[in-house]
There are 2 protein chains.
Amino acid sequence: MKPALANDTMIDEVSCLFGALGDASRLKILRTLLDTKKPLNQGGVAEAAGLSQANASKHLACLVRVGLVVRNPEGNTVYFTPVLPLVSDLCDLVCGHVSDRAKASYHALR
Amino acid sequence: MKPALANDTMIDEVSCLFGALGDASRLKILRTLLDTKKPLNQGGVAEAAGLSQANASKHLACLVRVGLVVRNPEGNTVYFTPVLPLVSDLCDLVCGHVSDRAKASYHALR
DNA sequence: CTACTCCACAACCAAACAGTAATATTACTG
DNA sequence: CAGTAATATTACTGTTTGGTTGTGGAGTAG
């Protein structure tokens, strides 16, 4: 099997995707989408994540661009859903690592 | 089990970690460390990744700060190693997703 | 000691980015 | 058609960040 970060094109694509995840507002959007079982429209996301309408629109567009969220319009409104299991897997991996590090540094101080 | 992105502190930590991955130069460093079996010092990383010394120093410090790379000094030089399997798992997940999307958009154009 | 290597750090610049406010667009309803 | 709700876009601002240059310090060899 080929190595994961084979060429520079792949490096650019992957850095864009990780960069999309490297922002607190976009993570709040993803958390909202993961927690809510029903599909949410942009207004619902903005309210639940505590963002303005224009801000949520831009962040959602970014998440859709890198393929972490899919966009399906229905008449007047647009519903967004996270791409599973990719998003939850990534969050679980990193959250587990952060928790482990916090626990380790806590125990190191005793 | 608690949801992954539980509180805002976790959001900040995770966004920092993903942000560290969201840069082409840092991904090149990680690719170098993953591909090279021997432990590399800063100069070796900088040369293999095509970065200047000061630039590699800053990026390596960033990766160490978020816990993706560990730093062990030996006398005059400092050797760096990626945190496994976390780094490889994250890269594999995202690279697979990018490949799938590219393949899908290719076949959609026929 | 001197000289050299490796690394960290500060200052600086330019580009990218997040957030806001205002406006435009699209789609539905009466 | 007018009116309204949902979303997209534009222009602008303040902040952040990647990269470079230069410098200083810690370790090592001669």
Side-chain angles (χ1 to χ4, degrees), chain A residues 5 8 11-33 36 38-66 68-82, chain B residues 5 8 11-33 36 38-81:
Chain A
L5 297 170
D8 287 16
I11 291 266
D12 285 341
E13 295 274 343
V14 172
S15 71
C16 283
L17 204 150
F18 278 129
L21 289 166
D23 178 81
S25 297
R26 285 191 287 269
L27 284 182
K28 285 180 189 170
I29 290 179
L30 289 179
R31 174 178 61 182
T32 300
L33 292 177
T36 309
K38 300 179 179 179
L40 278 179
N41 64 348
Q42 193 199 81
V45 171
E47 184 186 352
L51 303 174
S52 72
Q53 181 266 323
N55 202 9
S57 175
K58 278 186 15 176
H59 284 310
L60 280 168
C62 172
L63 291 170
V64 169
R65 196 182 319 127
V66 300
L68 289 171
V69 165
V70 294
R71 181 195 129 96
N72 44 350
E74 257 180 47
N76 201 12
T77 85
V78 184
Y79 293 94
F80 296 90
T81 53
Chain B
L5 297 170
D8 287 15
I11 292 265
D12 285 341
E13 297 273 344
V14 172
S15 72
C16 282
L17 205 150
F18 278 129
L21 289 166
D23 177 81
S25 297
R26 285 191 287 269
L27 284 182
K28 286 178 188 170
I29 290 179
L30 289 179
R31 174 178 60 182
T32 300
L33 293 176
T36 309
K38 300 179 180 180
L40 278 179
N41 64 349
Q42 195 199 74
V45 171
E47 185 185 351
L51 305 175
S52 72
Q53 182 266 322
N55 201 9
S57 176
K58 280 189 8 179
H59 284 310
L60 280 168
C62 172
L63 291 171
V64 169
R65 195 182 320 126
V66 300
L68 289 171
V69 165
V70 294
R71 181 195 129 94
N72 43 348
E74 259 181 45
N76 201 13
T77 84
V78 184
Y79 292 95
F80 296 90
T81 52

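Below, chain A is the first sequence line, B the second, and so on; all start at residue 1. Computed over heavy atoms, backbone and side chain alike; hydrogens, waters and symmetry mates excluded.
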Pairing partner (Watson-Crick or G-U wobble, both distances under 3.5 angstrom) of D:dT17: C:dA14
Which residues pass the side-chain contact (heavy atoms from CB on, under 4.5 Å) test with A:Arg71, sequence neighbours left out? A:Val64, A:Pro73, A:Val78, A:Phe80
Heavy-atom closest contact (A:Val66 atom, A:Cys16 atom, distance): CG1-O, 3.9 Å
Where do N or O atoms of nucleotides 7-14 of chain D meet protein N or O atoms at under 3.5 Å, pair by pair?
residue, atom, partner, partner atom, Å
D:dT7, OP1, A:Gln42, N, 3.1
D:dT7, OP1, A:Val78, N, 3.1
D:dT7, OP1, A:Val78, O, 3.3
D:dT7, OP2, A:Gly43, N, 3.0
D:dA8, OP1, A:Arg71, NH1, 2.1
D:dA8, OP2, A:Gln42, NE2, 2.6
D:dA8, OP2, A:Ser57, OG, 3.4
D:dA8, N7, A:Gln53, NE2, 3.1
D:dA8, N6, A:Gln53, OE1, 3.2

Measuring from atom CG of A:Leu63 to atom NZ of A:Lys58, what distance do you get when rounded to the nearest 0.5 angstrom? 13.0 Å
CD1 of B:Ile11 to CG of B:Leu5: how many Å apart, nearest 0.5 Å? 4.5 Å
Please list, chain by chain and in numerical order, all residues satisfying salt bridge (charged side-chain N to carboxylate O under 4.0 Å, His left out) with A:Asp12, sequence neighbours excluded. none
So does B:His59 get a side-chain nitrogen or oxygen closer than 4.0 Å to the phosphate oxygens (OP1/OP2) of D:dG19? yes
Rounded to the nearest Å, what distance is computed from the CG atom of residue B:Asn55 to the P atom of nucleotide D:dG22? 16 Å
For a quick test of your reading: what N or O donor-acceptor pairs under 3.5 Å do the side chains of residues 40-47 of chain B make, sequence neighbours left out?
residue, atom, partner, partner atom, Å
B:Asn41, OD1, B:Gly44, N, 2.9
B:Gln42, OE1, B:Gln53, NE2, 3.1
B:Gln42, NE2, B:Ser57, OG, 3.4

Would you mind reading off the distance between A:Leu51 atom CG and C:dG19 atom P, rounded to a whole angstrom? 7 Å
Output side-chain donor-acceptor pairs under 3.5 Å for residues 19-30 of chain A, partner residues at least two apart or in another chain, one line each.
residue, atom, partner, partner atom, Å
A:Asp23, OD2, A:Ser25, N, 3.0
A:Asp23, OD2, A:Arg26, N, 3.2
A:Arg26, NE, A:Ala20, O, 2.6
A:Arg26, NH1, A:His59, ND1, 3.1
A:Arg26, NH2, A:Gly19, O, 3.3

From A:Asn55 atom CG to A:Leu60 atom CG, the distance as rounded to the nearest 0.5 Å: 9.5 Å
Members of residues 18-31 of chain B that approach DNA chain D, where some heavy atom sits under 4.0 Å away: B:Asp23, B:Ser25, B:Arg26
Just the rounded figure in Å: distance from P of D:dT28 to CD of B:Glu74. 11 Å
